[in-house]
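Here the structure comes first, spelled out in structure tokens, and everything after it is commentary.
First the proteins, then the strands, lettered A, B, ... as listed; each starts at 1. This is a predicted model, so every value here is computed, not measured.
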Amino acid sequence: MSREYETVIGLEVHVELATKTKIFCGCSTQFGGAPNTHTCPVCTGMPGALPVLNRQAVEYAVAVGLAANCTINRRCQFDRKNYFYPDNPQNYQISQLYQPLCVNGGIEIETGRGRKWIGIHEIHMEEDAGKLIHDEKEGCSLVDYNRSGVPLIEIVSEPDMRDAEEVIAYLEKLRLMIQYLGASDCKLQEGSMRVDVNLSVREAETEVLGTRTEMKNLNSFKAIARAIQGERQRQISLLEEGKPVIQETRRWDDSKECSYPMRSKEDAKDYRYFPEPDLPPISISPQWLAQIRACQPEMRTEKLARYQKEYGIPEYDARIITESKRMADIFEAAADICNKPKKVSNWLMGEAMRLLKETGQDPQELSFAPENLAKLIDLIDAGVINGTVGKKVFEAIFREDADPVRYIEEKGLAAVNDEDALKAAAEQVIRENPQSVEDFHRGKKKAVGFLVGQTMKAMGGKANPQTVNRLLNEMLSGISEKSAGSGRGERS
Amino acid sequence: MGLMDLTAAELGKKIRAGEVSAVEAAEEALARAEVKEGQIHAYISLNPDYALKRAKQVQKQIADGTLSGPLAGVPVAVKDNICTRGIPTTCASRMLEGFVPPYSARAVENLEKAGAVIIGKTNMDEFAMGSTTETSAFGVTRNPWNLEHVPGGSSGGSCAAVAAREVSFALASDTGGSIRQPSAFCGVTGLKPTYGTVSRYGLVAYGSSLDQIGPVAKDVTDCAAVLEAIASWDPADSTSVKRDSYDFTGALKDDAKGLRIGIPRDYFGAGLNPEVKEAVLRVAWVLEEKGAAAEEFDLSLVQYAIPAYYVIACAEASSNLARFDGVKYGYRAAEYAGLHSMYKKTRSEGFGPEVKRRIMLGSFVLSSGYYDAYYRKALQARTLIRQAFDSAFARFDVILAPAAPSAAPRLGESLDDPVRMYLGDIYTISANLAGLPAITVPCGMDSAGLPIGAQLIGDCFEEKKILRAAYAFEQAAEYAGRSPAAGKPAGEKTAAAPEAGKGGAQG
């Protein structure tokens, strides 16, 4: 008989901080760049080089700690984590073990089952490692130290999560919070957010935790959800067969939907941590802390309330827009320029979301200037273009941040408001569609819709549909007055 | 008397006065090296081209008035664990053979700004681990006073070069006595500044929390002048300290009035050679005659200094030396199969036995399950030692101590018994553990004709007090500036003993 199992999950989340320079030297943190171009003696571990702490990194880490309801330690220090690997130029990583920066926090998540508090054990600072590139052709490995020394925080949760839904809710909340703080862009694909899943199972109603494994190489929320499911099943199967779960680090292969052991406890490394003698302990003075607190930006909950109050948009709109800091920023800026918040919100929730889905992008990747959206809205309102053309223009804004004024001009998309030209087109349509004209005169007023459509088409979509509608109605009525079939419109 | 017999201050004066050019001074240093190196081997590398080019530049700057400091044009030797841009920096290890740093240590930059001309890089114990300069991968350095004896270590090359009149002064580093002990053995004056006074940027780290760069010179005046040149607050070294004053030469007054000198009984008990004891204690008498008050006291905790020091230094070293792995620079084993084999072979072949011993010791004391028993305990002992010095400095301005239990041992005597060698550091390591400044001044000769040095230890940031005491003693004694009759035992100087009130050797 199969027993009931509970999954117990804790996460270690690494986040690259958005500082311009590295944590212990002045090198750029920019992603990309030719190998070993963002390096110096410090981040390549040259003899005699010494680390100097980047204050901005500490401030970002404290900001995240505050937002995650942590206690910020007044005094913290760095420790050396010793292990040999070529991506680690000093063969030790400067991290924090004994006195991390932030402790004892947590955030509230919301799932289908309601609200839940997920504890955060600690948030500590450390430096990122370089990248190994294996050259199969030459049969050698090369190291790129551009990423070496990029500041990271590691957010260690308590084992408070019970399934993938809670994990994803926690991660989404965390990511949104950090994005709002501007502390990181949290991109899983680019590795600026990395998630390790610690998972164990135990029989329901038992207190003692089972043996856990650590899962690495999880590059998307979907992969995380699949890995959790897969690992839960793997552990349950072992237990059902009476086999022990081995404490080990495993690597998830998302394409095969299974995991492989990376290293087990037996060859677990002894990191020989000790206090980093090159960096004096950091003391976070009450003044510094107050300063960071005062600079804390508006978080989502506050924005959600303010958008409804200040901009008068519905809660539903506000929720969707504030789900991404980038989208919220665009909304606010565009609404402030054109003073039509609901219209801005409609474009973002409608067309922007549709295009994001189509291109498989994240709202954080929206890259157009809010001015251009504001301009577009004004242009439509002024009747320079109609809504249909507007969608076309928006797509250009979305894709290439096009200036709508110039784009409309270049593509000749401006609405034709010359009534003569419109009348000529309408006449042509009337002539070519006697059936519809007849239907109209028989009282099927809807038939005019078809004629409007045909006229719009003839005008290449550039006509104002209201004007066409009015003209057609006038013309058809005129025809009926004069007697049907005369077929000729009046020309002056 | 040759140019290299002059002190740095004297030579600098002549250069500024136009009596001698910086180029002539550099040429003289190189010529002296040519004569002496066959016997002494103080240098790992000499850089005549670089030195002469620099000397010409400096001479030009002196001529056009842009350089006017006391060290302008004066030749200097730099210990080979201090990075010099474009000049090989090996730490006396095969591991860094041929390594040319693309940057200079801050202390070197400061020195070059002051116009000093680097002649070459001096020999040392491999990665500064040793007390005799015998662990160098590039051969031993011999004591200029007696070629059968070691110069001390780890800065044996710097001290021997100054003692043998191959150069005007030298830079060295001190982690547990590496400036002070070889200075004593070579009869020169060496100063370890307060931790944080001289930037460690560019000093290849041994024990990061203990290392300091300092001067080795012919007298106290030079030590003060060089310290003034090299000390700076450096944002690139987070442990560097912004001091209220960088004036050190202001302390050079021939007067010890009011100085309270503490003589720790713990440092003058069993294990100390009687000749050394007598010569060092005589320093107190000399200073008392100049107005100081000396008093014996119990420092306590001295027996914990050596274990605490070796635990901390080796722990830090095991991590600091991890970067030498064959991946990025330096030595890499010629043959290996895979990454781990490359690491193992590179490090097995690249490091000498003493370095390996300390890396293993350090890795052991940091390993899981032993950290609390060793490393944490050592940190606690360090705190207590610091406190013991705090209370001592509440009563005294200067603590007088030997620099080593005896004069320089014979070559080959020390390495067989590393524990005995470690115990020889007893008088010097506490200053490193507590971050204190300390200076060694020559204070006598033993019956075999080898120099004896006395150590004066001050409270943190109180270099001026120890400089003043050392200067006052130097003026009364005749040991500073004395040079060995190189190549053979120091003949008639053997029996020389300090006599209070006698004029110094320098005019």
Side-chain angles (χ1 to χ4, degrees), chain A residues 23-26 36 39-55 77-94 97-98 130 132 134 139-145 148 265 267-282, chain B residues 81-83 89 91 95-96 99 101-106 127 196 199-205 207-211 234-241 312 315-316 318-330 339-340 342-343 347 362-371 375-376 379:
Chain A
I23 185 166
F24 298 124
C25 63
N36 296 309
T39 57
C40 73
V42 176
C43 59
T44 53
M46 298 288 271
L50 295 170
V52 177
L53 180 61
N54 181 339
R55 269 177 77 91
Q77 84 187 2
F78 286 96
D79 301 295
R80 288 190 189 173
K81 180 180 182 179
N82 295 285
Y83 66 94
F84 278 79
Y85 203 63
D87 65 1
N88 175 9
Q90 309 159 114
N91 287 319
Y92 58 80
Q93 179 195 32
I94 304 178
L97 175 75
Y98 296 108
L132 285 188
H134 303 285
C140 67
S141 297
L142 302 162
V143 203
D144 175 8
Y145 289 118
S148 164
K265 188 91 198 281
D267 57 353
K269 286 170 175 151
D270 179 352
Y271 291 118
R272 306 189 313 278
Y273 278 99
F274 75 105
E276 165 57 278
D278 286 333
L279 292 167
I282 319 164
Chain B
N81 61 347
I82 301 173
C83 288
T89 301
C91 294
M95 192 55 102
L96 280 178
F99 173 69
Y103 47 88
S104 281
R106 189 72 70 233
F127 283 103
S199 167
R200 291 187 298 114
Y201 192 88
L203 169 66
V204 181
S208 310
S209 71
L210 306 156
D211 297 338
D234 183 4
D237 172 4
S238 308
T239 62
S240 127
V241 178
I312 292 168
E316 292 180 359
S318 72
S319 176
N320 284 331
L321 270 61
R323 69 187 63 199
F324 305 108
D325 59 3
V327 172
K328 303 158 295 273
Y329 44 74
L339 179 64
H340 281 271
M342 194 273 276
Y343 281 152
R347 289 168 65 82
S363 302
F364 173 74
V365 299
L366 288 177
S367 58
S368 132
Y370 295 101
Y371 180 89
Y375 191 75
R376 195 184 296 278
L379 289 185

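- Counting only distance, with no hydrogens or angles, the side chain of A:D270 and the backbone of B:S367 share no donor-acceptor pair below 3.5 Å.
- Of all the heavy atoms in B:T239 and A:D278, the pair that sits closest is CG2-O, 3.7 Å.
- Of the atoms belonging to B:R106, not a single heavy atom falls under 4.5 Å from chain A.
- Counting all heavy atoms, side chain and backbone alike, B:A315 lies closest to A:F274 at O-CZ, 4.1 Å.
- Using a 4.5 Å cut-off between heavy atoms, A:Y83 does not touch chain B at all.
- For B:L339, the part lying under 4.5 angstrom from a heavy atom of chain A is the side chain only.
- In this structure, CG on B:N320 lies 9.5 Å from CG on A:N82, to the nearest 0.5 angstrom.
- Within the model, atoms NE2 of B:H340 and CZ of A:F84 stand 10.0 Å from one another, a figure rounded to the nearest 0.5 Å.
- In this structure a side-chain-to-backbone donor-acceptor pair under 3.5 Å is present from B:S238 to A:P51.
- For the options B:Y375, B:Y370, B:Y371, heavy-atom pairs under 4.5 Å to chain A are most numerous at B:Y371.
- Residue contact with chain A, scored on non-hydrogen atoms closer than 4.5 Å, involves the backbone and the side chain of B:Y201 alike.
- Interface summary for chain A: among B:A236, B:A105, B:S209, the most heavy-atom pairs under 4.5 angstrom belong to B:A236.
- Take A:F24 and apply the ring-ring contact (aromatic ring centres under 6.0 Å, His included) test, not counting sequence neighbours, and it matches A:F78.
- The contact between B:F324 and chain A is made entirely by side chain atoms (from C-beta outward), counting heavy-atom distances below 4.5 Å.
- Across B:C83 and A:P47, no two heavy atoms sit closer than the pair SG-O, 3.7 Å.
- The distance from the OG atom of B:S363 to the CZ atom of A:R272 is 4.5 Å, given to the nearest 0.5 Å.
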Would B:R323 and A:Y92 count as a side-chain hydrogen bond (donor to acceptor under 3.5 Å, both in side chains) if you check the C-alpha gap in whole Å, the side-chain angles of each, and the deciding distance to 0.1 Å? CA-CA 8 Å; B:R323 69 187 63 199; A:Y92 58 80; 3.0 Å; yes

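- Taking A:S141 as the reference, A:H134 meet the side-chain hydrogen bond (donor to acceptor under 3.5 Å, both in side chains) condition, with sequence neighbours excluded.
- In this structure, A:N91 CG and B:Y343 OH are separated by 5.0 Å, a value rounded to the nearest 0.5 Å.
- For chain A, the nearby part of B:V327 is the side chain; its heavy atoms alone come within less than 4.5 Å.
- Checking side-chain atoms of B:K328 against main-chain N and O of A:P89 turns up a donor-acceptor pair under 3.5 Å.
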Could you walk me through whether A:R80 and B:S208 pass the side-chain contact (heavy atoms from CB on, under 4.5 Å) test, one step at a time? CA-CA 13 Å; A:R80 288 190 189 173; B:S208 310; 3.8 Å; yes

